[in-house]
Amino acid sequence: MSKLQPVRGTHDLLPDEYRRFAHVVGAARDVARLYGYREMATPIFEFTELFARGIGETTDVVSKEMYTFKDRGDESLTLRPEYTAGICRAFIFNGELTQQLPLKVFAAGPMFRYERPQKGRQRQFHQIDIEVLGAPEPGADIEVISVAADILDRLGILERCVLKINSLGDPECRAVYRKVLVDYYSRHLDKLSEDSRSRLQRNPLRILDSKDESDKAINVGAPSFADHLNQVSRDFFAAVQDGLTAAGIAFELDPTLVRGLDYYTHTAFEFVTTHIGAQGTVLGGGRYDGLIAELGGPPTAGIGWAGGIERLMMLCNEPAAEPRPVVIAPLGAAAEAKALGIARALRRQGIAVEQDYRGNMKRRLQRANKINARAAIIIGDDELAKGVAQLKDFDSGEQREVALDALASALKG
RNA sequence: GCGGCCGUAGCUCAGUUGGUUAGAGCGCCAGAUUGUGAUUCUGGAUGUCGCCGGUUCAAUUCCGGUCGGCCGCCCCA
């Protein structure tokens, strides 16, 4: 038993659950397509260097959560912990992608992070992802958030989520603010929690969001980022907010919203919910104008987000039931052989038909009922001789005789 | 990485103040005569009581470890 257990933080997606998984991805894919985003995929592992440089050496994700290993050629590889770096790498590497900007892509797939699992947090988890490269305008921020809102809406969960946005400014004013903040906290070092003291150099903006009571008290007097945004950043953030309002997308300003990946600039946003436990961020992202240059590409603006498929699954209601199949139930060797051809002809017309491999009439109808079939086509020697079948409707229980060549229209009507 | 709770049939759970064959509901399987489901009735099987070790005459029950899940922190999707 213990040997057959999946690795901690991973799990099997059984058919019922996979159906909901596919429902989430399908909805996202459909909406993304409506906005002109094209789907693509990048490898599940990359050179470790890509993530170390892209995400930031000091971030939690890079410093303690990556699945990194050496392959047989002694290369250091890492299972991707997020999608953005890989897509930016592909953008830089594949010149054709740089020819028509902005590039708008949709992607989905597994991500890997060595974290302590709990509800909504696995070591292998799955994300849907949207990126726009080569668009420095606030219109891209607005659009990308709009795609997200529409996906959540299509899944029926938008009203259970709140959109929080913040501006992290450009590198210039962020550096200034960071310094001001570090100075402020340094003056209150003795009252800071242990967590926050370690955050002070690594990611001081995080302290603003601390849940520690003592930290909260200090935060009351902390300098605010809004006061330190330069004019460019201020204008940009205002344009994003105006656009969201114009698009009819509700949002809340959250000055404590700080994303943990180094590459973010300007807009940061999250759709959060209180319905699925502590891991309430269902989708989040932001702008990363410096990332592509940092990775060695041509200076190119970027913005995007990732959504946690498992978290979205927890929140959304059951997808529409699948179409009910028809079961073909032959009796005897001759009918069984004939049924194979009949079933195939019906499937070619788009009718879902299932045929058991064994069993008498009772067993076949029992199984038909179990798989929620809508009808059964019953064929024995008598029917074979007359070129007909008994068509039994499971909901009404009624059964009637139908000519074999009229089966398709009878089942469609 | 830190703190806490939990682990009994496929599922949801009860139970043993340590003591013969560990239970229920749902589900599953088989029957209620010849080629007809679901409903009803009758019968049946569920299981190393997560795993390893310790204490004990005796452990599923107590203790330790381990694996896994969950809750909070951290972090994030």
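The sequence lines fix the lettering, A, B, ..., with proteins before strands; numbering per chain opens at 1.
Ring-to-base geometry does not place Phe394(A) in a stacked arrangement with G37(B) (centre distance under 5.5 Å, plane angle under 30° required).
Note on Arg374(A): nothing from the nucleic acid sits closer than 4.0 angstrom, heavy atoms only. At the heavy-atom level, Lys119(A) lies under 4.0 Å from the strands shown only through sugar-phosphate atoms. Nucleic acid contact for Glu115(A): base, since at least one base atom lies under 4.0 Å from a heavy atom of the residue. Residue Gln399(A) is classed as a base contact, given a heavy-atom separation below 4.0 Å to a base. Among the atoms of the strands shown, only primed sugar atoms or phosphate atoms (P, OP1, OP2) are found under 4.0 Å from some heavy atom of Arg363(A). Within the 4.0 angstrom heavy-atom criterion, no nucleotide atom of any strand lies near Glu194(A). Across all strands shown, Ile309(A) has no heavy atoms under 4.0 Å from either base or sugar-phosphate atoms. Nucleic acid contact class of Gly397(A) (heavy atoms, under 4.0 Å, all strands): base. Nucleic acid contact class of Gly9(A) (heavy atoms, under 4.0 Å, all strands): sugar-phosphate only. Heavy atoms of Arg367(A) sit nowhere under 4.0 angstrom from any nucleic acid atom. Residue Ala306(A) is classed as a sugar-phosphate contact, given heavy-atom separations below 4.0 Å to backbone atoms only. Base contact: Leu331(A) has a heavy atom under 4.0 Å from a base atom.
Taking the P atoms as reference points, C74(B) lies 29 Å from C13(B), given to the whole Å. Across G68(B) and C26(B), the matching C1' atoms stand 25 Å from one another, rounded to whole Å. On the P atoms, A30(B) is 14 Å away from G37(B), given to the nearest whole Å. Here, G23(B) and G15(B) have their C1' atoms 7 Å apart, quoted to the whole Å. A gap of 24 Å separates the C1' atoms of U16(B) and G10(B), to the nearest Å. Separating the C1' atom of U12(B) from that of U66(B) is a span of 27 Å, rounded to the nearest Å. The C1' atoms of C49(B) and G18(B) are separated by 14 Å, rounded to the nearest whole Å. A distance of about 38 Å separates the P atoms of G1(B) and U17(B), rounded to the whole Å.
When each of Arg367(A), Arg363(A), Arg364(A) is checked for a salt bridge (Lys or Arg N to Asp or Glu O under 4.0 Å) with Asp356(A), only Arg367(A) meets the rule.
At a cut-off of 3.5 angstrom, the base of C74(B) holds at least one donor-acceptor pair with the side chain of Arg121(A).
Between Tyr184(A) and His188(A), the ring planes lie tilted relative to each other; the angle falls in the 30° to 60° range.
Checked against a 6.0 Å centroid threshold, the rings of Phe21(A) and His126(A) count as neighbours. A centroid separation of 6.0 Å or more is found between the aromatic rings of Tyr37(A) and Phe106(A).
Side-chain contact annotation: Glu131(A) with Thr84(A), donor-acceptor N/O pair under 3.5 Å present.
The side chain of Gln390(A) places no N or O atom within less than 4.0 Å of a non-bridging phosphate oxygen (OP1 or OP2) of G35(B). In terms of phosphate contacts, Lys370(A) brings no side-chain nitrogen or oxygen within less than 4.0 Å of OP1 or OP2 of A38(B). Residue Arg116(A) places none of its side-chain N or O atoms closer than 4.0 Å to OP1 or OP2 of G69(B). For the OP1/OP2 pair of G37(B) and a distance below 4.0 Å, the side-chain nitrogens and oxygens of Lys362(A) include at least one atom meeting the criterion. For Gln279(A) and C75(B), the shortest distance from a side-chain N or O to OP1 or OP2 is not below 4.0 Å.
Taking the side chain as every heavy atom from C-beta outward, Gln124(A) and Met111(A) never approach each other to under 4.5 Å.
Sequence order on RNA chain B of the closest nucleotides to Arg8(A) and Glu383(A) puts Glu383(A) first from the 5' end. Heavy-atom nearest nucleotides on RNA chain B were determined for Gly120(A) and for Tyr114(A), and the one closer to the 5' end corresponds to Tyr114(A).
If you check U46(B) for Watson-Crick or wobble pairing at under 3.5 angstrom, you find it has no partner at all. Searching all strands for a Watson-Crick or G-U wobble partner of C26(B) with both distances below 3.5 Å returns G10(B). Within the shown strands, C73(B) is the pairing partner of G1(B) under the Watson-Crick or G-U definition, both distances less than 3.5 Å. Of the nucleotides present, G54(B) is the one that pairs with C62(B) by Watson-Crick or G-U wobble criteria, both distances under 3.5 Å.
When the nucleotides A38(B), G35(B), A30(B) are ranked by their closest atom to the side chain of Asp382(A), G35(B) comes out on top.
Across the protein-nucleic acid pair, Arg324(A) atom CZ and A38(B) atom P stand 15 Å apart, rounded to whole Å. In this structure, CD of Gln5(A) is placed 9 Å from C1' of G69(B), rounded to the nearest angstrom.
Relative to the six-membered ring of Phe112(A), Arg80(A) misses at least one condition, a distance below 6.0 Å or an angle of at most 45° to the axis.
Within a 6.0 Å sphere centred on CZ of Phe69(A), other residues, nucleotides and ligands contribute more than 12 heavy atoms.
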